Participant: 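Sharing a structure here in structure tokens format.
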There are 2 protein chains.
Amino acid sequence: MAECLENPGIGEAAAAIERAWRRKESCVIAGTCRVIYEGRAKSFLDWGDRLLVLKNDGTFIVHKPSGNNPANWMRPGCDLHLSDEDGVLVIRIESKKPPETMRVEVRELFFVSSSKLHDGTNLVQVGTEADLAEFIMQNPSIIDPDFVPSNLEEQTKYGFLDVYGRMKSSGEAVIIEVKRYNADLSAVSQLRRYVERVRNLSGKEKVLGFIAAPAITKNALKMLLDFGFEFRRVEPPERLVPESRNQRRLLSEYYSSEKQ
Amino acid sequence: MAECLENPGIGEAAAAIERAWRRKESCVIAGTCRVIYEGRAKSFLDWGDRLLVLKNDGTFIVHKPSGNNPANWMRPGCDLHLSDEDGVLVIRIESKKPPETMRVEVRELFFVSSSKLHDGTNLVQVGTEADLAEFIMQNPSIIDPDFVPSNLEEQTKYGFLDVYGRMKSSGEAVIIEVKRYNADLSAVSQLRRYVERVRNLSGKEKVLGFIAAPAITKNALKMLLDFGFEFRRVEPPERLVPESRNQRRLLSEYYSSEKQ
DNA sequence: ACACCAAGCAGCAAT
DNA sequence: ATTGCTGTTTGGTGT
């Protein structure tokens, strides 16, 4: 099932990686390497110890021993080529579209571990911006007692709008830009764009603009008010901070929500 | 140096991970697991085979056997806690700020590999937007034969302006928003914001706005022209090798050695 | 600490 | 295929 080599030689390691790749296994290499990337940009990473992750779909990821993000990577669908150049293991990874290449030179190896991995399940997520928009649709009075959200068809004729509707009494169009976190200047710009678009397309003179978010930056609020728009504070529907007690209950909660 | 376990039992694996963590080694686990994350959002990943990467700085990353991005992750600085719950290895990862938790249950293990990794060198990169802005500063005629870029201090006076200057003959202010790729609607919004800001702050009536990029989307071009701005096509220079910074010297050394 | 912005952004859905 | 936009965005820089 799994195959691990501790402190292998170049040839040994190359054979193991080649084998894993041919068998469509996932493979992790730890070693001292340097990396050259050329594609949409160019980069060079000088000698150091890293983790190299090779997936069977042609994904290749270089991780430094600290930090969240990879130092270098190649997206799924790459080709792999291994060679021994003067005692250095050279891994070339190539992508056709976009045209990119990565060259990893490994001069010392700590381990090469590989295993066939099966995974048919996908991540289930809650707490996104779409969830917040849905919450506003269900609770329109958060925006205004007079606000009535529209159906989706009416929205789509104006393009991508987070939440769209109108004021019941006046019939004025209402556009709401929803942000999951602190709304900033670009959120206001976005709202402004949408408002102008709806004004043009509908011919309505009066289009009201709102930003609904947990918070808004000072400058963004100023810009918002300058344009005659309004801010509505909206807390996310669920408490997302972790509870210390009874972690297991949460798991069963996920299960029941999965089952539905 | 390196330590690998193939198909270990729960207790064995827990001991190895604990040991790696205590020794500040980087550790990779392959196994069948499910993952619950709660923090800025919530997610649940049902049973499947994954790679788990634990770094000594408290980074924890869950990779599915395909795809570029991690399914789940915890950023640097987390605490780790291991336990055996009814024959299932439970890895709890906790972050204080922001308050987040991840719970990984591993019911089968393929390998646990760890090694102490040292890496003092950082990535050197060229071909960013800043490089393109620098190129325009050096070659202002790309924008207009009459365009004279200002020095860097003047750039920062109004905030984050990519390139700022004026027309030599008329004295009109010029603002250039630089994009490394296809300029889109948000790029035009950004330019518009900057132009309005400079108009307000400087009292200048005439402020010219440009987008300099390799390309621009259709709608973005329409919006750009509607506002009276202009587009300038700018291809990134063939050779992006900079000279000033010490770190960057490494890259130019590489390139010149490659070219021979 | 906050605000703002680029990113080899990635990935996804709608056109 | 392109466009537009979200993201547990991340990471960096300037105030």
Side-chain angles (χ1 to χ4, degrees), chain A residues 37-43 59 67-76 95 97-102 123 125-133 152 155-156 159-162 177-190 193-194 197 215-221 236 240-242, chain B residues 35 37-43 59 61-62 67-76 95 97-102 122-123 125-133 155-156 159-162 177-190 193-194 215-221 236 240:
Chain A
Y37 155 79
E38 295 194 25
R40 290 165 291 176
K42 294 181 183 181
S43 75
T59 302
N68 183 65
N69 281 359
N72 284 104
W73 66 94
M74 293 289 278
R75 307 233 297 275
S95 148
K97 207 182 163 219
E100 301 193 293
T101 60
M102 208 165 88
L123 192 74
Q125 208 175 53
V126 290
T128 62
E129 188 184 288
D131 293 320
L132 190 50
L152 215 63
Q155 269 203 59
T156 48
F160 192 100
L161 305 174
D162 289 342
E177 175 61 31
V178 180
K179 287 294 161 197
R180 185 66 190 75
Y181 301 101
N182 231 0
D184 60 8
L185 291 175
S186 69
V188 181
S189 287
Q190 212 172 335
R193 251 184 6 239
Y194 294 153
R197 187 195 294 165
I216 186 167
T217 67
K218 207 182 150 207
N219 287 343
L221 181 59
L240 293 168
V241 291
Chain B
V35 185
Y37 156 78
E38 295 195 25
R40 288 163 292 176
K42 286 186 186 181
S43 75
T59 301
I61 309 173
V62 180
N68 182 65
N69 282 358
N72 286 104
W73 66 93
M74 294 287 280
R75 306 235 298 278
S95 148
K97 203 180 167 216
E100 301 192 293
T101 60
M102 209 166 88
N122 286 315
L123 190 74
Q125 206 176 62
V126 290
T128 63
E129 185 184 290
D131 293 317
L132 189 52
Q155 276 192 55
T156 54
F160 304 94
L161 306 183
D162 290 339
E177 177 62 31
V178 180
K179 289 294 162 196
R180 183 67 188 74
Y181 301 102
N182 233 358
D184 60 8
L185 292 174
S186 70
V188 181
S189 286
Q190 212 174 329
R193 235 164 45 217
Y194 293 152
I216 186 166
T217 67
K218 208 181 150 209
N219 287 342
L221 180 60
L240 292 161

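Since this is a predicted model, take the numbers as computed values, not measurements. Residue numbers start from 1 in every chain, and the chains themselves are labelled A, B, ... in the order their sequence lines are given, proteins ahead of strands.
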Participant: The criterion is side chain to side chain donor-acceptor pair (under 3.5 Å); which residues satisfy it with A:Arg197, sequence neighbours excluded?
Facilitator: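 Expected list: none.
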Participant: Any idea which heavy atoms bring B:Pro76 and A:Gly67 closest together, and the distance?
Facilitator: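 Distance-wise, the nearest heavy atoms are CG-CA, 4.0 Å.
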Participant: If we take the C1' atom in both C:dA7 and C:dG11, what is their distance in whole Å?
Facilitator: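 14 Å, rounded to whole Å.
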Participant: Which is more 5' along DNA chain C, the nucleotide nearest A:Met102 or the one nearest A:Thr156? Just name the residue.
Facilitator: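 By nearest-heavy-atom nucleotide position, the 5'-most residue is A:Met102.
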Participant: Please round to the nearest 0.5 Å and tell me the distance separating atom CZ of B:Arg193 and atom CG of A:Leu185.
Facilitator: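 Reported to 0.5 Å precision, the distance equals 5.0 Å.
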Participant: Going by side-chain contact (heavy atoms from CB on, under 4.5 Å), name the residues that satisfy it together with B:Asn69, two or more places apart in sequence or in a different chain.
Facilitator: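 Scan of B:Asn69 (side-chain contact (heavy atoms from CB on, under 4.5 Å), adjacent residues dropped) gives none.
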Participant: In whole Å, I'd like the distance from the CG atom of A:Leu161 to the C1' atom of C:dA13.
Facilitator: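 Spelled out: CG on A:Leu161 to C1' on C:dA13 is 15 Å.
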Participant: For nucleotides D:dG4 and D:dT8, find the distance between their P atoms and express it as a whole number of Å.
Facilitator: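 One P to the other, the span is 23 Å.
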Participant: Could I get a table of every N or O pair under 3.5 Å where one atom is in the protein and the other is in nucleotides 3-5 of chain C?
Facilitator:
from: C:dA3; atom 1: OP2; to: A:Asn182; atom 2: ND2; distance (Å): 2.9
from: C:dC4; atom 1: OP1; to: A:Asn219; atom 2: ND2; distance (Å): 2.8
from: C:dC4; atom 1: OP2; to: A:Thr217; atom 2: OG1; distance (Å): 2.7
from: C:dC5; atom 1: OP1; to: B:Arg193; atom 2: NH2; distance (Å): 3.2
from: C:dC5; atom 1: OP1; to: B:Tyr194; atom 2: OH; distance (Å): 2.6
from: C:dC5; atom 1: OP2; to: B:Arg193; atom 2: NH2; distance (Å): 2.8

Participant: Just checking B:Ala71: base, sugar-phosphate only, or nothing, at a heavy-atom cut-off of under 4.0 Å?
Facilitator: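 Base contact.
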Participant: What residues, two or more places apart in sequence or in another chain, satisfy side-chain contact (heavy atoms from CB on, under 4.5 Å) together with A:Ser95?
Facilitator: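 If we apply the side-chain contact (heavy atoms from CB on, under 4.5 Å) test to A:Ser95, skipping adjacent residues, the hits are A:Met74, A:Cys78, A:Pro98, A:Glu100.
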Participant: Using the side-chain contact (heavy atoms from CB on, under 4.5 Å) criterion, which residues pair with B:Arg75? Sequence neighbours excluded.
Facilitator: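 Partners of B:Arg75 by the side-chain contact (heavy atoms from CB on, under 4.5 Å) criterion, ordered by chain and then number, come out as A:Asn68, B:Arg40, B:Trp73.
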Participant: What is the first contacted nucleotide of DNA chain D and what is the last, in 5' to 3' order, if contact means an atom lying under 4.0 angstrom from a heavy atom of chain B?
Facilitator: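 So the contact region on DNA chain D extends D:dT3 to D:dT10.
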Participant: Which atom pair, heavy atoms only, marks the closest approach of B:Ile61 to B:Pro70?
Facilitator: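 That closest heavy-atom pairing would be CG2-CB, 3.4 Å.
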Participant: Want to settle it: does A:Pro76 or A:Glu100 sit nearer the 5' end of DNA chain C, counting the closest nucleotide to each?
Facilitator: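 It is A:Glu100 whose nearest nucleotide is closer to the 5' end.
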Participant: How far, in whole Å, is C:dG8 from C:dC4 if one measures between their P atoms?
Facilitator: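 Result for the P pair: 23 Å, nearest Å.
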Participant: How does DNA chain C read in dot-bracket, base by base from 5' to 3', with Watson-Crick or G-U pairs under 3.5 Å and | used when the partner is on another strand?
Facilitator: |||||||.|||||||
Participant: Could you tell me which residues satisfy side chain to side chain donor-acceptor pair (under 3.5 Å) with A:Asp184, sequence neighbours excluded, listed by chain and number?
Facilitator: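 Scan of A:Asp184 (side chain to side chain donor-acceptor pair (under 3.5 Å), adjacent residues dropped) gives A:Ser186.
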Participant: Which residues satisfy the side chain to side chain donor-acceptor pair (under 3.5 Å) test with A:Thr156, sequence neighbours excluded?
Facilitator: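 Listed in chain order: nothing, the list is empty.
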Participant: Without decimals, in angstroms, what is the distance between B:Asn68 CG and C:dG8 P?
Facilitator: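 In whole Å, C:dG8 P lies 12 Å from B:Asn68 CG.
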Participant: Tell me, please, which residues at least two apart from A:Asn182 pass side-chain contact (heavy atoms from CB on, under 4.5 Å).
Facilitator: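 If we apply the side-chain contact (heavy atoms from CB on, under 4.5 Å) test to A:Asn182, skipping adjacent residues, the hits are A:Ala215, A:Thr217.
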Participant: Could I get the full list of side chain to side chain donor-acceptor pair (under 3.5 Å) partners for A:Thr128, not counting sequence neighbours?
Facilitator: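 Only A:Asp131 meet the side chain to side chain donor-acceptor pair (under 3.5 Å) criterion with A:Thr128.
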